[in-house]
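All remarks here apply to the structure that follows.
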Amino acid sequence: MDFPKRYNPTEVEPRTRRFWNETGIYKFNPEDKRPIFSVDTPPPYVSSDHLHVGHAMSYSQAEFIVRYKRMAGFSIFYPMGFDDNGLPTERFVEKKHKINKSKITREDFIKLCLEETRNGAKVYRDLWEALGISVDWDLTYSTIDPRSTATSQKSFCDLHRQGRIQRRDEPITWCYKCGTSVAQAEIETAELESQLNDIAFIGPDGEDLIISTTRPELIPACVSLYVNPEDERYANLIGKKARIPLFDYEVEIRTHPDVAVDFGTGLMMVCTWGDMEDVKKWKEHRLDTRAIFNSWGKLGELAGPYENMTAQNARKAILKDLEEAGRLKKQEKISHIVGVHDRCDTPIEFNHSPQWFVSLLDKKDEYLARGEQINWRPGHFISRYSDWVEGLKWDWCISRQRFYGVPFPVWYCEKCGAPRVADESELPVDPLMKSPPQGTKCVACGHDVFVPEKDVMDTWMTSSLTPLINARWAFDDNLMDRIYPMSIRVQAFEIIRTWLFYTVAKSHHHTDSLPWEDVMISGWGLDEKGRKMSKSLGNYVPPEQVIEKYGADALRYWSARATLGNDLRYHERDVSNGKRLMTKLWNAAKFVAMQLEDENGEKRSLTPGAPTTIDRWIQSRLQQVIAEATKYMDRYEYSHAMEITERFFFTEFCDNYIEIVKERFWNPENFEADVVDAGRWTLYEVCEKVVKLLAPFIPYITEELYQIVFRADDSPVSVHVSDWPKADADSVDETALEAGRLLIAVLTGARRWKTDRQVNQNHPLKILRVCADDKLLEKLRPLSADLGAAAHADAVEFGGEGDVGTEIEEIRLALELGEKKK
RNA sequence: AGGCACGUAGCUCAGUUUUGGUUAGAGCGUUACGUUGACACCGUAGAGGUCGGCGGUUCGAGUCCGCCCGUGCCUACCA
């Protein structure tokens, strides 16, 4: 047997990858009749320059489970997708090429996006392949490809038919940097330093009416003043008019119970939408509309002399003018929370423009009920979901005033503006490229000329359909009854409110079911200080470098240390520790391999032989480990499965069993032949099972060992399609387990005694005398040969007096050093 | 402000639910010693913890309950 002295991942990993590709073991076979385990895995964004070990971590964690399920006998449906469209990609392209959508044609912009999409996909794919992520690349989708486009458009049409989609013209949260509407789910909060300004408006009798605002640039948008109805200070003002400083027009003074009496003066201005509260009062009281921003966030006509200024400049100018007019009474620094766009951190404003909405608010209860039906792992993450659903305030705005995304299957009547939604048979369609079918007439007015919808869909409108994209829901040859609902969704916690929630809502409305049965939530890989890895902090650890230095298996080992759903700090020493496990495994397997050949290099035939107590001990322990590891893997607790296997392998198999059994091979003349056989057989069995138990975590080295040592002519082609070990409860031998514990206690005592005398552990003992009560001695007596072998004792005797304590109090030892043999 | 997690050895983390139960574990680091018949990418042994704090339940609490302190994340702020 040709067994390399050292394991070299740099050589083995690419070769093994080629082997996997050639054998096609990760391909989904639709003809396979075994139960299917299908995985809805996150399609990463194109902006690949942000990849760090945290990404490697979360994808690896999900993949441990997939590899386990594959070995456990499931037919695996494991696709990868790429989230190529929508704002994330557009923002990435704008940043990289230092452009924005106003400075480039739609066509050129889309061309750049497609180009970056291809680049990004390649970087990702290279990394996933290097990591050994066992997806079936033939199942790959992109959220901009015809399949996803058709699926998204079918979703739109279906929801539209259900009356769940409407076009509404109302105030909408808006990002002026990106020039588009955004949905509630895309708004994050940020703490901002600001200034609270006390400004004197002019009361009906010319008196000062002081309001406090952080947004003085909105004064020209002011449409009303408000006080609390209980506030007696202002009772006489209600219904009267106040005059706006600088802009010189009048607004009515109204009441609303939401106005806090104790904030500032208790008097507030309400503008055409500085925030949600303004919108609320505007709707309730049908206030005037004074929209002052144009679509790029500069002030418009109503701002008079401040027209065309940015909000920031207008704020300064207006404050200066107010001060000169003596109307700025007080300024105070405050920090407050504002909503910002998650893609660019720009504070969110309100704007008024027609948008497409998916109604959500009327179905909160049903979404919450769906949440309860999901198997959340870990369970507590359901609260992230429920909290979000309960806190929903707006329906889902799905239209974006952008270029690169899935087009709406919609045209408008040129004459009356009524929308004409495509029929499902027309999908996929880009209305900019294609008109409605010949002879189509407007249902409202009968006119036959249409103009295309130019907006594109929110990227989540598409990615919320990944289970349905995978199942080819929009196509005749779909896999709906085979893979849908999918078995599992894997993702990190930060996109519960977006990807997860929207996917649940979509499946609820399209198929009246959950999209999947289980959800497995991963944590984040953090830097050494526990901070999130980010480019700006410079605490990035690129996974390629780690793989190059330690191998993919070592990086995966680090990933497997994080318990399910918890964050994990990245320390190179943990990766290095993975390397250590690999080295140990390599050497242990090498030792096993050595015993499989005779002196002439001929392969020995393995027979169970006559197992000794210690052979039965390690076999029994193995059965327990298999049972526990399997239990953990079934619960997606991969970290515990690996840990228990690793500990068993190191401390019981290597440190004790191999040390005990090796004497049989070095001095076979001291043992019965079938005892030597039993040792050989047990070594092989246990090591093979350990290799299999570790295969999901460290797939490369285990594959290599399987091919070199454990693959027989009639075995499966790869360890990764071999059978996951089955625990055999009947073969757990309680007597042997107890005996093994006693033996290790004696051995540890002998080792300590030698260490105290500063002699080599191999140094022979003339006599090892075990002293304990008769009951214990009875249990220990059958171990005599193994004990002598392990402690390198010429003679093992029982009974009498001893002075070396062991870990089991009742056992004491008397030892006598022998001559060192040369 | 509310919600959810977390707080265990110098460091990084298990263990806390299902099941409360003798001296609380691992790896790294550290100390001493050893070593070339799987492995120096090594072995053996040692030192190291009032399990964030206080109180409660219990024969018994790292584990269950209450309160508090600290950290992180999520959600939300009264302009």
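These values consider heavy atoms only, across backbone and side chains, with no hydrogens, waters or symmetry-generated copies. As the structure is a computational prediction, the values presented were derived from the model and not from experiment.
In terms of polar N and O atoms assigned as donor or acceptor, the side chain of A:K579 never comes within less than 3.5 Å of the base of B:rC41 in a complementary pairing. Between the side chain of A:S383 and the base of B:rC4, no donor-acceptor pair of N or O atoms lies under 3.5 Å.
A:D756 places its CG atom 20 Å from the P atom of B:rG43, with the value rounded to the nearest Å. At whole-Å resolution of the value, CZ in A:F493 and P in B:rC73 are 9 Å apart. Taking atom CG of A:N577 as the reference point, atom C1' of B:rA14 lies 14 Å away to the nearest angstrom. Rounded to whole angstrom, the span from the CZ atom of A:F591 across to the P atom of B:rG43 amounts to 15 Å.
Contact check, A:R580 against B:rC28: a side-chain N or O comes under 4.0 Å of OP1 or OP2. Listed pair A:R757 / B:rG34 fails the phosphate criterion, with no side-chain N or O lying under 4.0 Å from OP1 or OP2. Checking the phosphate oxygens (OP1, OP2) of B:rC77, a side-chain nitrogen or oxygen of A:K393 falls inside 4.0 Å.
Among all heavy-atom pairs drawn from A:G371 and A:W376, the shortest one is O-NE1, 2.8 Å.
The aromatic rings of A:F381 and A:F493 sit parallel to each other, their planes meeting at less than 30°, with 60° as the upper class boundary.
One finds no salt bridge joining A:K532 and A:D567 here, because no Lys/Arg side-chain nitrogen approaches an Asp/Glu carboxylate oxygen to under 4.0 Å.
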